[in-house]
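Some notes on the structure that comes next.
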There are 2 protein chains.
Amino acid sequence: MATRGRPRGFDRDVALRRAMTVFWEHGFEGASIADLTTTMGISAPSLYAAFGSKVDVYRESVALYRATDGALTRRALEAPTARQAIEAMLRDNADAYTDPGTPRGCMIVLSGPGDTVRDDAVHAFLVELRAATLDAVRARLARAVDEGDLPAGCDVGSVAELYVTVLYGLSVKARDGATRDDLSRVADAAMAAWPAMTGLLTAT
Amino acid sequence: MATRGRPRGFDRDVALRRAMTVFWEHGFEGASIADLTTTMGISAPSLYAAFGSKVDVYRESVALYRATDGALTRRALEAPTARQAIEAMLRDNADAYTDPGTPRGCMIVLSGPGDTVRDDAVHAFLVELRAATLDAVRARLARAVDEGDLPAGCDVGSVAELYVTVLYGLSVKARDGATRDDLSRVADAAMAAWPAMTGLLTAT
DNA sequence: TCTTTTCTGTAGTGATCGTTACAGATAGAG
DNA sequence: CTCTATCTGTAACGATCACTACAGAAAAGA
């Protein structure tokens with residue numbers, strides 16, 4: 001069985017990984033097939049034979065990102081307390097966003113604006129992915145309320161929206177050249193607000 | 001004197017205003033000359049005669065944005081107290097970002113990521129503009145410390161970075177379809193953190 | 001009126017876009 | 001070996017990109 005014709009002359013996983021970095025750096029519209037094939041080290045027909053089309057490569061790239069760097073957030077939210085979870089989310093992503101080995105910022109966050117994937121299906125898919133992060137954060141906080149980790153009066157929705165908004169902002173700052181320390185300072189400040197945010201303190 | 005030859009057949013200011021909305025919505029790379037001329041209601045030669053080139057139109061569009069919607073932040077920072085200034089910055093921009101009459105989010109913030117203006121000069125110009133907002137916020141907070149409005153121990157740099165990060169995040173959320181109420185809730189949460197942020201309260 | 005100057009519409013420039021037709025190469029199945 | 005299936009390189013497809021040559025139109029200055 002399997003693989004009847006001429007075998008593929010390149011490693012599909014390696015090529016996809018390279019394609020991901022191109023999309024990550026330039027966005028969907030900003031990355032041309034020529035950019036992709038050059039970085040992937042293959043010809044256009046090979047790309048189309050292996051992946052289908054540009055949007056297909058993009059979809060697989062996003063899926064790969066979610067399974068690698070994108071999994072940071074999901075993993076961070078598994079921390080034992082809500083505070084540790086949110087802090088880990090901010091810090092781990094701040095580190096990843098400024099990793100010199102990869103493009104800066106979050107691939108999914110940064111493909112929302114500007115880039116504006118004109119393909120409606122892909123655009124909707126990306127919006128959904130970003131919404132999923134908010135949902136995950138909200139769910140984690142709600143669990144903390146259930147567990148008594150956070151007070152019952154805590155406005156879980158607002159807290160989640162604020163910290164996700166900060167997370168989005170970190171991507172923009174990273175893409176603008178902010179250093180790891182810059183983003184770390186933002187994370188510090190955001191976590192300094194934690195007690196006030198979650199109702200452990202009340203304003204004067 | 002003046003205007004010897006055939007007079008221009010359209011209102012340059014109106015045309016520029018329309019060009020601004022196209023760039024605002026699609027970014028620099030995402031907006032084609034065909035998009036621009038269609039929306040502006042003029043032909044390509046008229047555009048080039050009146051503005052020079054695509055980047056020239058973009059530069060003028062950004063300048064116009066700064067003079068109109070972009071001035072919101074500058075005006076907000078003139079509020080009598082630092083707290084009022086930051087709150088006005090967040091709320092006024094949250095309103096503007098979701099104004100149904102204009103594209104969503106901030107033109108300057110959203111042209112950073114994804115879009116990635118490939119022209120280096122324009123890119124540097126935009127980075128500088130975003131940095132200028134951070135500087136303005138920091139200066140406003142420093143003034144507040146001088147005036148005794150904020151305590152001397154307040155970490156002005158960190159507070160400024162956090163609130164600008166939140167402001168960036170609002171643009172991303174707005175572009176993703178967040179409503180005015182959504183953004184308003186984020187502003188509420190961010191301002192609930194104000195006392196903790198500025199050292200009026202200390203964590204337990 | 002006639003020249004000069006500027007704008008406008010038509011039409012087209014070469015370059016690049018995503019994508020593919022085609023033929024040769026290379027494998028398994030018979 | 002032959003047939004079939006798949007991949008690869010060359011070379012090109014039509015569409016669109018930013019941009020402009022050119023000629024005619026419309027104004028001021030003479």
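Below, read A as the first sequence line, B as the second, and so on, with proteins coming before strands; counting in each chain starts at 1. Only heavy atoms go into these numbers, but all of them, side chains included; no hydrogens, no water, no symmetry mates.
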(request) Determine, for B:Glu60 against B:Arg12, whether the closest basic-nitrogen to carboxylate-oxygen distance falls under 4.0 angstrom. (result)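 Salt bridge between B:Glu60 and B:Arg12, a charged N being under 4.0 Å from a carboxylate O: yes.
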
(message) Check A:Arg138 with A:Asp135, please: is the shortest side-chain N to carboxylate O separation under 4.0 Å?
(response)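 Salt bridge between A:Asp135 and A:Arg138, a charged N being under 4.0 Å from a carboxylate O: yes.
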
Expressed as a whole number of angstroms, how long is the span from [X]:[atom1] to [N]:[atom2]?
X: B:Ile42; N: D:dC19; atom1: CD1; atom2: P; answer: 14 Å
X: B:Leu47; N: D:dC19; atom1: CG; atom2: P; answer: 9 Å
X: A:Arg4; N: D:dT6; atom1: CZ; atom2: C1'; answer: 10 Å

(request) Working to the nearest 0.5 Å, report the span between CE of A:Met107 and CE of A:Met20. (result)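 One gets 7.0 Å once the value is rounded to the nearest 0.5 Å.
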
(request) Output the distance between atom CD (A:Glu147) and atom OG1 (A:Thr81), rounded to the nearest 0.5 Å. (result) 10.0 Å

(request) Output the residues of residues 8-21 of chain A in contact with DNA chain D, where contact means a heavy atom of the residue under 4.0 Å from an atom of the strand; sort by number or write none. (result) A:Arg8, A:Gly9, A:Phe10

(request) Would you please test A:Asp56 and A:Arg59 for salt bridge (charged side-chain N to carboxylate O under 4.0 Å, His left out) and show each step? (result) CA-CA 5 Å; A:Asp56 288 325; A:Arg59 268 193 280 258; 3.3 Å; yes

(message) Does the plane of the ring in A:Phe23 sit parallel, tilted or perpendicular to the ring in A:Tyr58? Use 30° and 60° as the thresholds.
(response) perpendicular

Anything under 3.5 Å between a donor and an acceptor, one on a side chain of residues 182-190 of chain B, the other on a protein residue two or more places apart or in another chain? List them.
unit_1   : atom_1 : unit_2   : atom_2 : d
B:Asp182 : OD1    : B:Arg185 : NH2    : 3.3
B:Asp182 : OD2    : B:Thr179 : N      : 2.9
B:Asp182 : OD2    : B:Thr179 : OG1    : 3.2
B:Ser184 : OG     : B:Arg91  : NH1    : 3.4
B:Arg185 : NH1    : A:Glu161 : OE2    : 2.4
B:Asp188 : OD1    : B:Arg91  : NH1    : 3.2
B:Asp188 : OD1    : B:Arg91  : NH2    : 2.4

(message) Treating primed atoms plus P, OP1 and OP2 as sugar-phosphate and everything else as base, which nucleotides of nucleotides 15-24 of chain C get B, S or - for protein heavy atoms under 4.0 Å?
(response) --SSBBB--B

(request) Counting heavy atoms from C-beta on, name the nucleotide in C:dG28, D:dC7, D:dA26 closest to the side chain of A:Ala49. (result)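 The answer is D:dC7, which lies nearest to the side chain.
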
(request) Tell me whether the OP1 or OP2 atom of D:dT8 has a side-chain N or O from A:Ser46 closer than 4.0 Å. (result)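 It does, given that an N or O in the side chain of A:Ser46 lies less than 4.0 Å from OP1 or OP2 of D:dT8.
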
(message) At less than 4.0 Å, is any side-chain N or O atom of B:Ser43 found next to OP1 or OP2 of C:dG9? Yes or no.
(response) yes

(request) Would you check, one step at a time, whether the test side-chain contact (heavy atoms from CB on, under 4.5 Å) holds for A:Tyr168 with A:Arg130? (result) CA-CA 10 Å; A:Tyr168 286 175; A:Arg130 288 187 286 269; 3.3 Å; yes

